[in-house]
Amino acid sequence: MNSTLNVIQRINSLKQDRRAIILAHNYQPDVIQDIADFVGDSLELSQQAACNQADVIVFCGVHFMAETAYILSPQKSVLLPDSHAGCPMADMISAEELRAKKQELPQTPVVCYVNSSAAVKAESDICCTSANAVKVVQSLTQHEILFVPDKYLGQWVSSQTSKKLHMWPGFCPTHSRIQPQHIIELKARYPEAKVMVHPECPEEISALADTVPSTSGMLRYAKQSDARQFIVGTEIGIIHRLQKEAPGKEFIPVTPHIVCPNMKLTTLDKVLQCLEDMQPLVTVPEDIRSRAYTAVRRMLQVG
Ligand code: 13P
Ligand code: SF4
């Protein structure tokens, strides 16, 4: 028997024994997306983590996503198949640094992108994802807001609202590799194509786009649009889902080199191994979890 098939069979059988569910982010390797019970963007994955009935969540994504699942469902065992799958943007701010910044800006609410540690979430008033950042910021009554850690998402939100945002200087090293020239050249080659870019991209990239949604927002846009071709400015993993769920349409990556190395650490063997060993487990100390939960729950209430 093909060994890949064998591994998938063993994963499925262990999944049943453990009452486990596999959640995968849209940037995961194709084969991981194909075996997952649910594939989505950060917001959809946290909604799934909050409401599913499983005892175990195998989180195929990066560390902050597994942490968010645990924050929402501490009674479940949350497994991250590769414990080294981090997010460099999330590491660009610590809870101590945020506390110091809050002293400089007292009375200013903190909106924290979900790409952050549980300790940073615990210091924040409300979380957001790329899917609801504008809505979350607009839901606050205050005019001035401290937005951490992604300055590019913050700039995008700022352009869509009348709020004054104080930005933390964090960014995604993967999305910041996208150059205006990539899009300008593709637009010349595919004049009918719609341009979709992720809000983690620098401002000069968002300015060239027809739409700036979350990863799952791109899928919805492509399905609904009359256009046949789409230039895609985000991590390459989303192309698999776009092709699968919007067949007959053409998806052109801005370059094939927009790859998040952390997202690609997940393999079938590691998924099997973590289900066998029931580790690496992701947990958060209860004093941090309960405060982070408040910020995440407020976000889910906004939608
Ligand atoms: P979304 O899938 O929520 O748009 O986020 C992208 C991302 O970079 C996750 O790390
Ligand atoms: Fe972090 Fe960027 Fe990778 Fe998303 S794509 S996990 S923001 S490094």
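Order of listing sets the numbers, starting from 1, for every ligand and every atom in it. As the structure is a computational prediction, the values presented were derived from the model and not from experiment.
The number of heavy atoms from other shown groups lying within 6.0 Å of CZ (Phe251) is above 12. Heavy atoms from other residues, nucleotides or ligands lying under 6.0 Å from CD of Gln301 number more than 12.
Ring orientation note: the planes of Tyr221 and Phe230 are nearly perpendicular, at an angle over 60° on the 30°/60° scale.
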Original post:
Between Glu250 and Gln229, is a side-chain hydrogen bond (donor to acceptor under 3.5 Å, both in side chains) present by the stated rule, with each step listed?
Top reply: CA-CA 5 Å; Glu250 189 182 354; Gln229 294 176 317; 3.0 Å; yes
Original post:
Do Ser206 and Tyr152 pass the side-chain hydrogen bond (donor to acceptor under 3.5 Å, both in side chains) test, and can you show the C-alpha distance, the side-chain angles, and the key distance before you say yes or no?
Top reply: CA-CA 9 Å; Ser206 308; Tyr152 293 131; over 6 Å; no
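Inspection of the environment of atom 1 (Fe) of ligand 2 yields the following protein N, O or S atoms under 2.8 Å: Cys87 SG.
In terms of heavy-atom proximity, Asn26 sits nearest to Ser216 at ND2-OG, 3.1 Å.
Distance alone, capped at 3.5 Å, is enough to place a donor-acceptor pair between the Asp125 side chain and the Val110 backbone.
Atoms of ligand 2 lying under 4.0 Å from any heavy atom of Tyr27, numbered from 1 in the order shown and given with element: 5 (S).
Donor-acceptor pairing under 3.5 Å is lacking for the side chains of Gln273 and Asp269.
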Give one line per pair: atom of ligand 1, protein atom, distance. Only N/O to N/O under 3.5 Å.
| residue | atom | partner | partner atom | Å |
| --- | --- | --- | --- | --- |
| ligand 1 | 2 (O) | His25 | NE2 | 2.6 |
| ligand 1 | 2 (O) | Thr215 | OG1 | 2.5 |
| ligand 1 | 3 (O) | Ser42 | N | 3.0 |
| ligand 1 | 3 (O) | Ser42 | OG | 2.8 |
| ligand 1 | 3 (O) | Ser130 | OG | 3.4 |
| ligand 1 | 4 (O) | Ser130 | OG | 2.7 |
| ligand 1 | 4 (O) | His198 | NE2 | 2.7 |
| ligand 1 | 4 (O) | Thr215 | N | 3.0 |
| ligand 1 | 8 (O) | Glu200 | OE1 | 3.3 |
| ligand 1 | 8 (O) | Glu200 | OE2 | 2.9 |
| ligand 1 | 10 (O) | Asn115 | ND2 | 3.2 |

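The salt bridge (charged side-chain N to carboxylate O under 4.0 Å, His left out) search around Lys163 returns none, not counting sequence neighbours. Every residue two or more places apart in sequence or in another chain that forms a side chain to side chain donor-acceptor pair (under 3.5 Å) with Asp34 is listed here: His240, Lys244.
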